[in-house]
Amino acid sequence: MDFIKKTEKIFEDANFIKNLGIKILEIKKGYCETQLEIRDFHRQQHGFIHAGVIATLADHTAGAAATTIVHKEEEVLTIEFKINFLRPAEGEFLICRSGLIREGRRIMVAESDVFSIKSGAEKAVAKAIVTLMGAKI
């Protein structure tokens, strides 16, 4: 299985990700870009997109970027992540662009940038640093 099919499979097999509606836009070695069309259930009590949705998008997209470089018999697990919310997220879509900034043999670090799209305008809403490891599961 090549790295694109393996990465697509982590979206197909994750029921929570499917239920949220996260879709892949682009995959290449060390990089993944995803999109989420916002629905009412993604919003918190003030109408903004819930922080948990944004964090999930940042984490899973980073995991996808890491999946592109691990050995074929390994899977990726998040060890830790830190996220900064830059402004309340609103709009029709979220886009997440994740790229590896450290590619170790077992430990990888990815950076995820999350943007909201409202009336065609893109605004940065969050930045995450995600530490991941490749493991045989």
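What's counted below: heavy atoms across the whole structure, side chains too, no hydrogens, waters or symmetry copies. Residue indices begin at 1 and follow the sequence shown.
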Handout entry: I69 side, atom CD1; L100 side, atom CG - distance, nearest 0.5 Å
Key = 5.0 Å

Exercise for the section: Return each pair, listed once, that meets salt bridge (Lys or Arg N to Asp or Glu O under 4.0 Å) where at least one residue sits in residues 30-43; pairs must be two or more places apart or across chains. Expected result: E33-R97

Practice task
From the options T67, V70, I137, select the one residue that forms a side chain to side chain contact (heavy atoms under 4.5 Å, CB included) with E75.
Solution key: I137

Exercise for the section: For S112 and S98, test the side chains for any donor-to-acceptor distance below 3.5 angstrom and give the result as yes or no. Expected result: yes

In residues 83-90, what donor-acceptor pairs under 3.5 Å come from side-chain atoms, sequence neighbours left out?
from: N84; atom 1: OD1; to: K82; atom 2: NZ; distance (Å): 2.4
from: R87; atom 1: NH1; to: A124; atom 2: O; distance (Å): 2.5

Completion exercise
Those residues at least two apart in sequence (or on a different chain) that pass ring pair (Phe, Tyr, Trp, His ring centres under 6.0 Å) with F11 are H60

Exercise for the section: Dump the intermediate steps for side-chain contact (heavy atoms from CB on, under 4.5 Å) on T78 and T131, then the final yes or no. Expected result: CA-CA 6 Å; T78 299; T131 305; over 6 Å; no

Handout entry: Non-neighbouring partners of Q45 that pass side-chain contact (heavy atoms from CB on, under 4.5 Å), sequence neighbours left out
Key = none

Practice task
Side-chain contact test, heavy atoms from C-beta onward, threshold under 4.5 Å: evaluate it for E92 versus K118 and give yes or no.
Solution key: yes

Fill in the blank from the handout: In this structure, CG of D2 is separated from NZ of K72 (nearest 0.5 Å) by 12.0 Å

Practice task
Give a yes or no answer on whether the side chain of H71 reaches the backbone of E73 with a donor-acceptor pair at less than 3.5 Å.
Solution key: no

Using residues 103-111 as the side-chain source, report each donor-acceptor pair under 3.5 Å to any protein atom, sequence neighbours left out, with the distance given to one decimal.
from: R106; atom 1: NH1; to: G134; atom 2: O; distance (Å): 3.1
from: R106; atom 1: NH2; to: G134; atom 2: O; distance (Å): 3.4
from: E111; atom 1: OE2; to: K127; atom 2: NZ; distance (Å): 3.3

Problem - Between CD on residue E8 and CG on residue D13, distance to nearest 0.5 Å - result: 11.5 Å

Exercise for the section: Tell me, with the steps shown, if I49 and I54 meet side-chain contact (heavy atoms from CB on, under 4.5 Å). Expected result: CA-CA 7 Å; I49 300 161; I54 297 167; 4.1 Å; yes

Just distance, no hydrogens or angles: give the donor-acceptor pairs under 3.5 Å from side chains in residues 15-29, sequence neighbours left out.
from: K18; atom 1: NZ; to: E12; atom 2: O; distance (Å): 3.1
from: N19; atom 1: ND2; to: N15; atom 2: O; distance (Å): 3.3
from: K29; atom 1: NZ; to: T68; atom 2: O; distance (Å): 3.4

Problem - Separation between CD1 of I79 and CG of L132, rounded to the nearest 0.5 Å - result: 7.0 Å

Fill in the blank from the handout: Of all heavy-atom pairs linking C32 and T61, the shortest is O-CG2, 3.4 Å

Handout entry: Hydrophobic cluster identity match, I10 and V130, side-chain contacts under 4.5 Å
Key = yes

Problem - Atom pair CZ/CG of F81 and D59 - distance to nearest 0.5 Å - result: 5.0 Å

Exercise for the section: Please name the pair of heavy atoms, one in V114 and one in A58, separated by the smallest distance, quoted to 0.1 Å. Expected result: CG2-CB, 4.0 Å

Problem - Between CG on residue L57 and CZ on residue F115, distance to nearest 0.5 Å - result: 11.5 Å

Problem - Side chain to side chain, V53 and L36, heavy atoms closer than 4.5 Å - result: yes

